[in-house]
Amino acid sequence: MGSGKKTWTAALLATAVLAITAACGSEGADGAITLRFSYWGSDARQKMTQEAIKRFEAKNPDIDIEEEFSGFGTYYDTLATKVASDETPDVITLEIRGLREYAERGTLADLSSAVDTADIDAKVLATGAIDEKQFAIPTGVNAWSLVVDPKAIKDAGQNLPDDTTWTWDEYVDLAAKITASTGGKVYGTQQAFNPAFLQIFAAQRGESLYKGNKIGVSPGTLKAWWAVHQKLIRSKGSPDAAKSIELATQSEDRSLFATRNGAMGMWWSNQLGSINKASGGKEVDLLRMPKAQGATAGGMFLQPAMFYTASAKSEHQAAAAKFIDFMINDPEAGGIILSDRGLPASSKVLAAVRDKLPETDKKTLAFLDKVKGELTDSPAAPPKRASAIEAILTRYTNEVLFGRMTPDEAAQKLITEANALIAG
């Protein structure tokens, strides 16, 4: 695992947890505090994080950081088990979809006055607040965007769209033309079913994904969203339903971009670098999302890539806050992590690392600077149990795309089931 410090993985957790006697943290014989820090990611993220931890420990010799690292697929199940077993880590990484659930069950500490947030955009910071308590600190920001391969589009005899005006119909038409002109060797686009896509699509129609403790998307908007997916499949602008659904579950290194078989796709903006790498260094760019005909707003928004939070039960909350503050505000940490957890939320850290960013990340930063005046407010933390909504959305989308359910039937059942889950 690289670090001289103790590193935990999900595989070792079941054994290691038996040896833990305190609910959170510990104090060694030499008086040093040990903080448990849970996060997910790739091998590259772990190496970056370990290097940042070494720098923190060098500056704070009285605090040791003990990692609890896993891949994303097992992260939340493992975290839920730890919390239920009263073995909550001192510092916890969370996404926005799980924030309210953990905050309202009393798992998280209020960091309002414990971490310096002066250099974080107020609207972005507000995404980590619930009932005026700052339970979470954004690590960095990104935006759900359209990724394009300009050369693949040009080689297919097509022009890059004017992304300030293009519509969903024009997006579908361009994708179909790319596939047709390449004889199916390059698909126009790879489909995406992420709730962020639906959130943007709904905003263009004057709706939101959530409205209080209910789903805010109407049946008509769900049907229109599914219609875009269906048109792409019928026109062969994307692979068929089975292949599209399979691709949507896979990471960038198995995308159509990675195999050089796709010209467009949708991802979070901070994934541009990994998409570039997966495709063997092909030039990739970011575009605004297409709009609904007559839409007055594009619906795109900044969202924290993830948050740092602290356990309300930690015996060392001040030390936990100090570690979070270092990861958020220290330029040395920022220079190691760069944009791995989104473009740094701290404006001072971003300014300090701007010149060190890889070229694709500089491109991402330039894109976000270009569209920032068009972005809607960052969404607030969704209702409790919202983390399960993505699975419900995926299930009913599959039913529609495979023709097992009509869009009308699926829309009504999705809204009913999702509202019951949130209310429960």
Side-chain angles (χ1 to χ4, degrees), residues 1-3 5-26 34-50 52-53 64-109 111 128 135-139 194-195 249-251 253 268 304-317 319-320 323-324 327 337 340-342 381-382 384-392 394 421:
M1 296 292 180
S3 172
K5 295 292 175 182
K6 289 175 280 186
T7 302
W8 291 16
T9 64
L12 296 175
L13 181 63
T15 301
V17 77
L18 298 176
I20 300 171
T21 56
C24 295
S26 61
T34 297
L35 296 177
R36 295 163 52 214
F37 170 42
S38 68
Y39 69 101
W40 71 84
S42 62
D43 290 344
R45 175 174 293 166
Q46 187 180 23
K47 289 177 182 177
M48 291 178 194
T49 305
Q50 288 173 343
I53 287 172
D64 290 337
I65 305 298
E66 196 168 71
E67 299 173 75
E68 298 185 4
F69 171 81
S70 73
F72 182 75
T74 60
Y75 181 79
Y76 281 106
D77 287 343
T78 303
L79 178 62
T81 300
K82 296 175 192 176
V83 173
S85 302
D86 203 24
E87 297 292 353
T88 308
D90 299 275
V91 178
I92 310 162
T93 309
L94 288 176
E95 293 176 295
I96 195 169
R97 59 179 175 164
L99 178 57
R100 188 174 296 274
E101 189 166 348
Y102 279 98
E104 292 188 351
R105 70 166 63 168
T107 303
L108 307 180
L111 297 170
F135 289 110
I137 310 298
T139 62
N194 192 293
T249 66
Q250 296 174 346
S251 60
D253 61 356
W268 290 106
M306 57 192 78
F307 294 102
Y308 292 133
T309 68
S311 169
K313 294 184 178 180
S314 174
E315 296 178 357
H316 305 292
Q317 289 191 20
F323 176 61
I324 293 172
M327 295 292 280
I337 296 169
D340 181 68
R341 288 168 165 90
K384 289 170 66 175
R385 303 180 185 86
S387 56
I389 296 299
E390 184 168 358
I392 295 174
T394 298
L421 175 73

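Basis for what follows: all heavy atoms, side chains included, without hydrogens, waters or symmetry-related copies.
Using a 30° and 60° split on the angle between ring planes, W40 and Y76 fall in the tilted class, from 30° to 60°.
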From CA spacing to verdict: side-chain contact (heavy atoms from CB on, under 4.5 Å), Y75, T93: CA-CA 10 Å; Y75 181 79; T93 309; 3.8 Å; yes
Working for side-chain contact (heavy atoms from CB on, under 4.5 Å), residues D90 and F323: CA-CA 10 Å; D90 299 275; F323 176 61; over 6 Å; no
Test log, rule side-chain contact (heavy atoms from CB on, under 4.5 Å), inputs V91 and I65: CA-CA 10 Å; V91 178; I65 305 298; over 6 Å; no
side-chain contact (heavy atoms from CB on, under 4.5 Å) evaluation trace for T107 with T309: CA-CA 10 Å; T107 303; T309 68; over 6 Å; no
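Put simply, CD1 on I324 and CZ on F307 are 12.0 Å apart, with the number rounded to the nearest 0.5 Å.
In this structure, R341 forms no cation-pi arrangement with Y308, as its terminal cationic atom is not both closer than 6.0 Å to the ring centre and no more than 45° off the ring axis. Cation-pi check for R105 over Y102 is met; the charged atom lies under 6.0 angstrom from the ring centroid and within 45 degrees of its normal.
Residues S38 and K82 share a closest heavy-atom pair of CB-NZ, 4.1 Å. Taking each heavy atom of R100 and K384 in turn, the nearest pair found is CD-N, 3.7 Å. Between G41 and F69 the shortest heavy-atom distance is O-CZ, 3.2 Å. Contact record, S311 with A109: O-CB, 3.8 Å, taken as the closest heavy-atom pair.
Side chain to side chain, Y39 and Q46 fail the donor-acceptor criterion of an N or O pair below 3.5 Å.
Atom CG of D43 has 12 or fewer neighbouring heavy atoms from other residues, nucleotides or ligands inside a 6.0 Å radius.
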